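Notes to accompany the following structure.
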Amino acid sequence: MSRTPIIAGNWKMFKTVSEATAFFAEVKGKAEVAGVESVICAPFTALPALVEAAKGTTIAIGAQNVHFEDNGAYTGEVSGLMLKDLGVKYVIIGHSERRAYFAESDEIVNKKTVAAFKHGLTPIVCVGEKLEERESGATKEVCKVQTEAAFQGLSAEQAAEVVVAYEPIWAIGTGKSSTSDDAQDVIGYIRGVIAGLYDEAVAAKVRIQYGGSVKPNNVSEYLGQADIDGALVGGASLEPASYIALIEGAK
Ligand SMILES: O=C[C@H](O)COP(=O)(O)O
C-alpha cells in the first residue's frame, strides 16, 4: 500500500499577512514536488491571502483549529463552515498546545474531527504522550486512548482520510527528537489501533506523521520508516529555504 507522503508546516502563532504572502511567493514552485503533498497550516488571519496565493499550485492550506459547531455564541471561535467557505483544505485538531493551554479534551477533539468531515475538511489529528507518561511506560496506552477517542463515530471512508500526527510532547520545540526507530514503533502501534477499530485495509490507508523537532537534516530518516508517512513541522517550517528542504527531503 503506497501512501502519499505529507509534510505539513504548522506555523503556530507566527507570521502576519504580509509575512505569510512573502513566504508563499518564495516557496511557490519550489515546494511543489511530485509525489509529496505540501501543506501550510497558518493562523486564521493569514488564511484568506494564502488560499488566494495557493490557487493554481499544489500547496494545500490548512487551519490550526476549528470549532465543532457551525455557528453560535462562541466568541473568538471559527467554524468548519467558515473554513470551508474560505477554501481551506486541512485543519490541525488536538495539537498538544491546544490540549494543554486551551483544555481540549479527547471528547472535544472527537467533536472537532467529526465537524471537519461534515464540512469536507481533512483533519490532522494530533496524539502523543507527555514526558512523564513516556518515562512511566504509558506512551502506547496514551496514544491508544487518544486515537480511539478521536476516531469515534467516523465511517470507514472518513477514517481512511484522517491524517494522524504522532507528536511526543517532550520533543516539540525542544530539539530533542524521538529516534526514527522509536517513532516507527509508536506509529506502527497507532496503525494497529486503527486496524482494531476498523480493519487492516482502512489502517493501511491512514497517513501517520511524526512531529517533534523535525528538521531538513532528519526528515528523510523518519520518512524512511515503514509506517511514517510525513511530518508535522513547527519551527523548521517558518523559513522558506527550510520548508522547501523539508519537502525535498520527503521525496
Ligand atoms: O506541530 C508541530 C509540532 O508541534 C512540532 O514543532 P517543532 O517542529 O517546532 O518541534
Side-chain angles (χ1 to χ4, degrees), residues 5-15 19-20 23 27 31 36-44 46-47 50 59-66 88-102 104 109 112-113 116 121-131 133-134 139 142-143 146-147 150 162-180 182-183 186-187 190 207-223 225 228-250:
I6 175 167
I7 302 292
N10 174 13
W11 284 355
K12 308 192 178 184
M13 197 172 70
F14 289 97
K15 294 196 191 296
E19 287 167 347
F23 176 102
V27 304
V36 181
E37 194 171 356
S38 312
V39 183
I40 295 172
C41 297
F44 289 132
L47 292 177
L50 285 173
I59 301 172
I61 304 302
Q64 300 170 12
N65 185 27
V66 62
V88 163
K89 178 156 188 230
Y90 286 93
V91 59
I92 297 172
I93 295 175
H95 190 280
S96 61
E97 288 149 16
R98 294 216 53 90
R99 292 179 189 258
Y101 308 141
F102 301 95
E104 246 171 54
V109 169
K112 291 183 173 194
T113 304
L121 301 165
T122 302
I124 299 176
V125 176
C126 302
V127 300
E129 82 284 4
K130 298 180 186 135
L131 183 59
E133 291 166 337
R134 159 134 322 216
T139 296
V142 167
C143 292
Q146 291 179 345
T147 303
V162 174
V163 177
V164 176
Y166 166 59
E167 300 205 314
I169 297 170
W170 48 271
I172 295 176
T174 58
K176 283 188 217 162
S177 48
S178 176
T179 66
S180 63
D182 203 44
V186 180
I187 288 175
I190 292 170
R207 292 185 292 174
I208 310 183
Q209 301 172 310
Y210 167 73
S213 297
V214 174
K215 310 289 174 202
N217 66 5
N218 62 15
V219 66
S220 59
E221 199 185 318
Y222 290 107
L223 273 285
Q225 295 282 355
I228 304 182
D229 308 310
L232 182 59
V233 188
S237 73
L238 289 168
E239 292 303 323
S242 173
Y243 180 73
I244 293 163
L246 288 164
I247 308 293
E248 287 284 340

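Note that this is a predicted model, so its numbers are computed, not measured. One-based numbering, in listed order, for ligands and for the atoms of each.
- Of all protein heavy atoms, the one closest to atom 3 (C) of ligand 1 is E167 OE2, 2.9 Å.
- A donor-acceptor pair under 3.5 Å links the side-chain atoms of S38 to the main chain of A31, judged by distance alone.
- For ligand 1, the atoms lying closer than 4.0 Å to a non-hydrogen atom of L232 are 1 (O), 2 (C).
- Counting heavy atoms closer than 4.0 Å to ligand 1, residue A171 contributes backbone atoms (N, CA, C, O) but none from C-beta onward.
- For ligand 1, the atoms sitting less than 4.0 Å from at least one non-hydrogen atom of G173 are 7 (P), 9 (O), 10 (O), numbered in the order shown with element in parentheses.
- For ligand 1 and G235, the ligand atoms under 4.0 Å from any heavy atom of the residue are 7 (P), 8 (O), 9 (O).
- Between the CD1 atom of I187 and the CD atom of Q225 there is a distance of 9.0 Å, given to the nearest 0.5 Å.
- Looking only at protein heavy atoms, the nearest one to atom 8 (O) of ligand 1 is G234 N, 2.9 Å.
- Residue pairs that meet the side chain to side chain donor-acceptor pair (under 3.5 Å) test with at least one member in residues 231-242, sequence neighbours left out, do not exist here.
- Under the 4.0 angstrom criterion for non-hydrogen atoms, G212 is in contact with ligand 1.
- Between the choices K12, K176, K215, the shortest heavy-atom distance to atom 6 (O) of ligand 1 belongs to K12.
- Here N10 has side-chain heavy atoms under 4.0 Å from ligand 1, and that is the only part of it that gets that close.
- Take S178 and apply the side chain to side chain contact (heavy atoms under 4.5 Å, CB included) test, not counting sequence neighbours, and it matches P168, W170, D182, A183, Y210.
- E221 and K215 are not joined by a salt bridge, as no carboxylate oxygen comes within less than 4.0 angstrom of a charged side-chain nitrogen.
- At least one heavy atom of S213 sits under 4.0 Å from some atom of ligand 1.
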